Structure formats: structure tokens, C-alpha cells
Amino acid sequence: MKFFYTLFIHLILGGWMALFAQQLDMDALKAYPFPNELTAAATGARIAWAFNEQGQRNIYVAEGPTFTARRLTNYLQDDGQELSSVAISPDGKWVIYVRGGDHGSNWNDDLPVNPSFHPVPTKVQVWSIPFGGGEPKSLGEGENPVISPKSDKVAYSKGGQIYTVPIDGTAPATVLFTARGTNSSPVWSPDGSRIAFQSNRTDHQFIGVYTDAQTPIRWIDPQFKRDQSPRWSPDGQKLAFVRTNGSGGKPDSILARRPNLWSILTFDLTTGKATPLWTSPKRLNGTFPTTHGTTNLHWAANRIVFLSYHDGWPHLYSLAESGGAPLLLTPGNFMCEHIQLSSDKKTLLFTANAGTDPLDIDRRHVVKVSVDRADMQVVTPGSGLEWSPVLTGDGAAIAFIGATSQRPPMPHVLATSPSATPQLLAADKLPAQYPASALVTPKQVTFKTPDGFTVHAQLFEKAGGPSKKPAIVYVHGGPPRQMLLGWHYSDYYANAYAMNQYLASLGFVVLSVNYRLGIGYGFEFHNPKNGGGYGASEYTDIKTAGEWLAKQSQVDSKRIGVYGGSYGGFLTAMALGKDSQLFAAGVDVHGVHDRTIERTRNLVLPDQYDRAPDAQYALEVAWKSSPIAYMDTWKSPVLIIHGDDDRNVRFSQSTDLVRRLEDKDIYHETLVIVDDTHHFMKHQNQVNVNKAIAAFFLKKL
Ligand SMILES: CC(=O)N[C@@H](C)C(=O)N[C@@H](C)C(=O)N[C@@H](C)C(=O)O
């Protein structure tokens with residue numbers, strides 16, 4: 001009798017969700033220390049990484065053979081100061097890093113971030129600190145620092161010029177040279193005597209080589225082209241680089257899909273001769289890979305290695321230094337990313353959704369391959385997820401970051417000796433009471449869309465509960481991203497993974513959808529027709545996901561929500577505008593709502609006579625690809641969240657949408673995060689956003 005009375009009370013008090021689903025605590029759930037920036041010294045067995053411990057971001061180090069983790073810095077405030085460009089000097093004696101800014105931004109990534117409203121914002125500076133410990137030294141304001149092979153100096157860029165500074169900070173930074181254009185991306189020659197760099201001149205880009213104050217800068221085969229990513233030959237006598245077209249030419253169709261074709265060339269500094277080695281095939285998948293972050297071009301031991309998409313997958317290829325046919329090093333239906341060349345230049349380590357388990361396509365594992373033969377080996381097979389591998393300078397261990405579906409990402413090392421097993425590092429940094437065992441194992445779901453795409457998704461569902469549960473579609477951002485069957489390798493999406501676990505613990509059925517435009521499933525899926533502002537064909541996948549949920553026996557089809565950030569916010573708003581009958585409520589975090597802005601700037605150019613032949617039509621398509629085109633059919637309630645120091649999606653995208661929601665008297669709530677960016681750099685801000693999302697869905701679904 002007592003049980004039924006208790007049940008009755010819980011149901012009446014609306015605690016039915018908490019009764020059946022062991023509800024997680026958001027603060028406890030977000031108490032994981034997120035690791036990134038894992039790096040190794042070129043000699044010895046020293047590694048370093050950054051840990052974000054509830055907003056306290058610090059550098060940690062460890063050294064073989066024990067690899068006992070040690071915190072090196074002392075930043076103990078949740079103040080939103082990012083750590084990036086972490087590196088160890090080749091001799092292992094120094095660690096450098098950049099503190100501040102938001103280096104995942106589309107603009108102003110080098111400007112201070114100040115979500116704690118300090119009257120004097122923290123500057124974006126390059127720092128160094130002895131590996132053995134001590135006080136960090138500020139080397140100067142700037143970013144993209146690189147350490148000389150002699151371990152004595154650091155080069156970095158600031159304000160379009162390149163600076164050098166002693167790594168121990170015993171003298172001020174000095175500008176290396178002054179040249180026209182925006183000069184960046186310094187690359188030291190193997191002997192540390194010269195620096196190659198990129199000089200962006202708007203419609204074209206050169207590669208230059210600086211030697212010393214008395215020697216004129218050497219421009220490398222200057223053409224009406226865009227040259228980038230210089231890589232030194234091991235003997236320092238040649239450079240390899242990537243060449244693409246310069247800007248201009250008769251305006252082409254905006255809507256037609258055209259490849260950005262590219263070539264790899266070498267330049268002989270002795271003869272002054274440039275030699276084309278390889279040119280991408282003249283077809284769509286011959287386009288220059290927009291791998292997040294950097295160009296994967298490496299001058300290895302007697303080989304030149306590069307990443308290309310031209311067989312339909314982001315694969316690694318190897319060329320003889322004189323050119324010839326490229327050797328495919330990584331055949332198979334998977335993508336390669338986070339590529340690292342070993343110090344001896346003979347081995348490539350990388351992350352891939354490769355493995356013998358059919359579920360591996362929705363995971364990541366560490367893989368290695370020789371630079372001159374296709375002898376690929378998955379180093380960390382299994383049901384876990386591993387990424388960002390680096391080989392220690394002595395070749396004795398591979399450091400990587402790994403996670404499971406339950407346990408958050410943590411640094412590991414794996415000895416290169418046979419039958420070694422991974423060693424978890426810094427285990428004490430994951431709170432002993434972390435609720436890992438309470439997390440569900442997301443299940444792989446696939447479904448077909450009406451236009452024939454097979455879409456992968458992850459289903460988060462707590463066992464038990466009422467016969468009919470509310471459900472939520474999660475939409476990632478990017479869009480070149482892939483959500484996984486476990487914790488994600490980016491800080492932003494690790495948070496999304498935690499959020500989906502939290503919603504599942506509240507009793508929601510959560511479906512995280514890897515829609516087209518995303519990575520991990522090959523070129524055609526990543527580059528679909530009519531995608532993005534060219535027709536938003538990817539929205540088909542979101543609608544199909546909602547319909548899939550509505551057909552599940554345990555889902556109440558009248559209580560399906562949708563949420564996402566950034567590009568995910570865009571698709572959330574599209575869902576609410578176009579299909580409020582399917583999606584009963586939504587949360588749109590820093591979404592894109594007007595896609596004509598992307599077009600107006602480069603479409604209908606009033607001061608240019610010859611315009612793109614389809615300029616006006618493309619503008620119309622961009623309008624129909626915009627959520628604000630569907631305000632008349634938008635009925636469902638929405639929560640709009642945006643940080644007003646957003647450097648990826650303008651805050652005005654949400655200010656404008658709020659005005660339109662007000663004009664149409666559509667129920668909406670808002671949450672403005674003052675002075676934080678697209679990535680909610682202040683931990684407490686992200687926690688508050690997460691709680692607001694959950695509270696809105698509990699209220700509306
Ligand atoms: C130029 C551009 O679109 N850059 C993207 C990286 C970007 O900023 N995308 C946002 C719309 C977005 O989705 N940002 C986050 C969530 C991401 O995953 O990059």
C-alpha cells in the first residue's frame with residue numbers, strides 16, 4: 001500500500017521522471033577535466049597537455065617511464081582564458097603555450113576574452129615555463145608560436161608580422177622583419193637558421209624565407225596564386241608547399257559546385273627552381289581538403305606525405321620527393337585526422353574511424369602507418385574512443401587521449417613494446433565520485449531519408465520509465481563534425497555529450513543526428529547537393545530524425561523537441577519554423593537565422609558590373625534556406641541563447657530573430673550570456689546554459 005501511495009505522490013508532484021530515471025546532477029556531470037593540446041618533445045619521453053578543470057585551465061606534464069602527471073601552471077580561476085598552441089622544446093626543457101583568445105573563432109580569435117568582466121581584460125600572450133617547474137614568463141602578445149630546433153628561441157605572429165624572442169624570456173620580443181601583407185605561420189628550417197612563412201596579400205599569397213637582418217627575404221616562386229603550408233626538406237635545401245588559384249576571374253555560378261583544385265610543389269633553394277609534384281584530379285573530390293585546423297602536408301623520410309579526399313575519403317598519400325604516382329597509405333572507408341609525423345619522420349600516427357567493428361565508423365581510434373608503405377595498423381581497437389596520438393621522442397610510447405561511452409576523455413600512454421596495454425594518466429583528476437557508471441551507452445541508429453541518404457545517429461535512453469516518453473533531437477554544429485558513440489574529442493561537443501546524457505537521465509529519449517554536411521562518412525555525404533545556404537538539404541535529415549522518433553513505441557509523438565548550437569541552432573530554428581507540428585519545442589543556441597547575409601556581401605555586388613549569372617536566384621535560395629523565411633508557420637515555443645562576444649555567429653543573428661518572434665507573438669524565452677564567446681569559455685556560463693536548456697524542455701515537453 002505504501003509503495004502505491006509513494007508512487008501516487010511522485011506522479012502527482014510531477015516527479016515521474018526523477019522516479020524512474022536516476023537523474024544526474026549537472027554540476028557533478030560537468031566536473032570532468034577536459035584534456036586537449038597533447039604534445040611530446042622531439043627527444044626523450046616528455047609530454048604535455050592542457051586540462052580544463054571546471055574552467056581552471058592548466059598545463060600538465062609527464063615523463064616516461066612512469067608518466068606521473070604534474071600540474072605545471074597555477075591558473076585557479078574560472079575566467080575563460082583558453083590555453084592553446086602547447087608545445088615542448090626539442091630538448092624537452094621548456095613548455096610554451098598561448099593563454100587567452102578563442103582560437104576556434106571565425107574572426108578576432110586573437111582578441112582578449114573577458115567573461116568575468118575584469119576591468120582590464122587578460123591579454124592574449126605567448127608564455128614559456130620550464131618543464132621542471134617554475135614561474136611562467138610572458139614572451140609577448142601573439143599567437144601561433146613555434147620553437148626553434150635549437151630550443152633557444154620562439155617565433156610567433158602578431159598583427160601581420162612575425163616576432164622572435166628568447167624562450168627563457170631574458171630579452172624582449174623583436175619583430176623579425178617588416179614585409180607587406182599579413183605575414184604568419186612561421187616554420188623554422190631544420191637547422192634553425194631560417195624561417196619560412198606565408199604572406200597573405202588578399203587576392204594572392206606568397207611564401208617567403210627569412211634568413212637574417214642582412215639578407216633580403218627570399219620569395220618562393222611568386223605567382224598570381226595562393227601559396228601556403230611551407231614544409232622544409234630534412235636537409236633544409238628545399239621546401240614543399242600547396243598552391244591554389246588566386247582570387248578573381250569572371251564571376252562563376254554561385255550555386256554550381258566547383259572544386260578548389262590544388263597542387264603540391266617543391267622549391268629548390270639552391271637552383272631557385274619550382275617543381276610541380278602532384279595536382280589534384282579535376283573533379284569535386286579533388287578539392288583542397290578543409291581539414292579543421294591545418295594542412296596535412298609533411299616532408300617525411302625521403303617521402304612527401306599529404307591528405308587528400310580524391311578517392312572519396314580523407315586518406316593519406318605518399319609521394320617520392322621527385323614526384324610520380326602517389327601511394328595510397330590508408331585504403332578503406334574511414335577518415336584520417338589529427339595526423340602526426342614521428343620525430344624520425346618514418347611513421348605517421350593519426351586518428352580514424354577505422355576498425356573491424358561495424359560500429360567503429362561512429363568511433364575514433366589511434367592508427368599508425370609507415371610513410372613509405374601501406375602497412376596501416378589500428379593501435380587502439382575496441383569499444384573505446386581514442387584520438388590525438390603523439391609518439392614520444394624516444395619512440396618508446398604513444399601518448400593519446402581516450403574515453404569510453406561512460407568515462408570522460410583522459411590522457412593515456414601506450415608503450416610501443418608488443419602486448420603493452422594503455423596506461424591512464426592523471427586518474428586522480430577525475431573526481432572519485434564522478435557519475436560515469438550512471439551514464440547510458442548510446443546505441444547506433446541509422447535511418448534512410450526520403451532522398452536516399454543513410455544517416456547515422458546515437459540514441460541515448462535510460463531503461464524503464466513510463467510507456468510513452470518525451471524525446472529530443474540533438475543537432476550538432478560545424479557543420480563538418482561527427483558525434484560519436486562516446487565522449488567527443490572537442491570541448492564543445494564533450495559538453496553536448498554530457499548534456500545528452502543529462503537529458504536521458506531526466507527521462508527523455510535523445511537522438512543525436514549526424515546529418516549530411518558532416519564528416520566521417522565520405523565525400524558525398526560531407527558535400528551534398530543543395531546543402532547549407534544553397535537549399536539546406538541537410539534539414540531533410542533533421543525532419544526524418546523527428547519522424548523516426550515519432551514512430552518509436554516508447555516515444556510520445558506529441559512531445560518531441562529539438563535543440564542544437566551554432567549550425568545546430570540554425571537547423572533547430574528551421575525545424576521550428578517549417579515543422580512545428582512535428583517539433584513541439586526547441587532550444588536554439590547561438591544559431592544562424594539569416595543566410596542571405598552570407599550572400600549579399602558577395603552576390604549582388606552593386607559596384608561590380610559582371611555579376612554571377614545566378615546572383616539573384618542564389619539570393620532567393622539563401623532566403624529559403626533561412627529560418628526567418630518561415631516565421632508565418634513557426635508555432636512552437638523556443639528558448640534563444642547567445643553569448644554577445646560570439647566570434648563565430650554574430651549575436652545580431654539572434655537579436656534579429658527575437659524581434660521577429662516578438663512581431664509574430666511566438667512564445668520565446670531568452671538567455672543572454674554577456675561577454676562570452678561561441679564556446680562559453682567560462683565554465684559556469686556553460687553549466688548555466690545546460691541547466692536552462694533542460695529546464696525549458698522539462699517545462700515545455
Ligand atoms: C566559417 C564557419 O562556418 N566556421 C565554422 C567552424 C563555424 O563557426 N560554425 C559554426 C556555425 C558552428 O557550428 N560552430 C561550432 C559549434 C562548431 O562546431 O564549429
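What you are looking at is a predicted structure, and each value in this text was computed from that prediction instead of being measured. Counting convention: from 1, in listed order, for ligands and their atoms alike.
A salt bridge links Arg363 to Asp360: one of the charged nitrogens lies within less than 4.0 Å of a carboxylate oxygen. A salt bridge does not link Lys529 with Asp451: none of the charged nitrogens is closer than 4.0 Å to a carboxylate oxygen.
Checking Tyr567 against Asn648 by side-chain atom types alone, no donor-acceptor pair falls below 3.5 Å. A donor atom on one side chain and an acceptor atom on the other are found under 3.5 Å apart for Gln482 and Tyr521.
Residue contacts with ligand 1 include His678, since one or more of its heavy atoms lies under 4.0 Å from the ligand.
Near Val649, with a cut-off below 4.0 Å to any heavy atom, the atoms of ligand 1 are 11 (C). Listed by number with element, the atoms of ligand 1 under 4.0 angstrom from any heavy atom of Gly477 are 13 (O), 18 (O). Residue Tyr493 approaches ligand 1 through these ligand atoms, each under 4.0 Å from one of its heavy atoms: 15 (C), 16 (C), 17 (C), 18 (O).
A search for ring-ring contact (aromatic ring centres under 6.0 Å, His included) contacts involving Phe696 returns nothing, not counting sequence neighbours.
Under 4.0 angstrom from ligand 1, the non-hydrogen atoms of Tyr492 all belong to its side chain. If you look at Arg481 next to ligand 1, the close heavy atoms, those under 4.0 Å, all belong to the side chain.
For ligand 1, the polar-atom distance check finds an N/O of Gly478 within less than 3.5 Å of one of the ligand's N/O atoms. Ligand 1 has a nitrogen or oxygen under 3.5 angstrom from a nitrogen or oxygen of Asn106.
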Can you list, pair by pair, the side-chain donor-acceptor contacts under 3.5 Å of residues 568-575, counting residues two or more places apart and other chains?
unit_1 : atom_1 : unit_2 : atom_2 : d
Thr572 : OG1    : Gly564 : N      : 3.2
Thr572 : OG1    : Gly568 : O      : 2.8

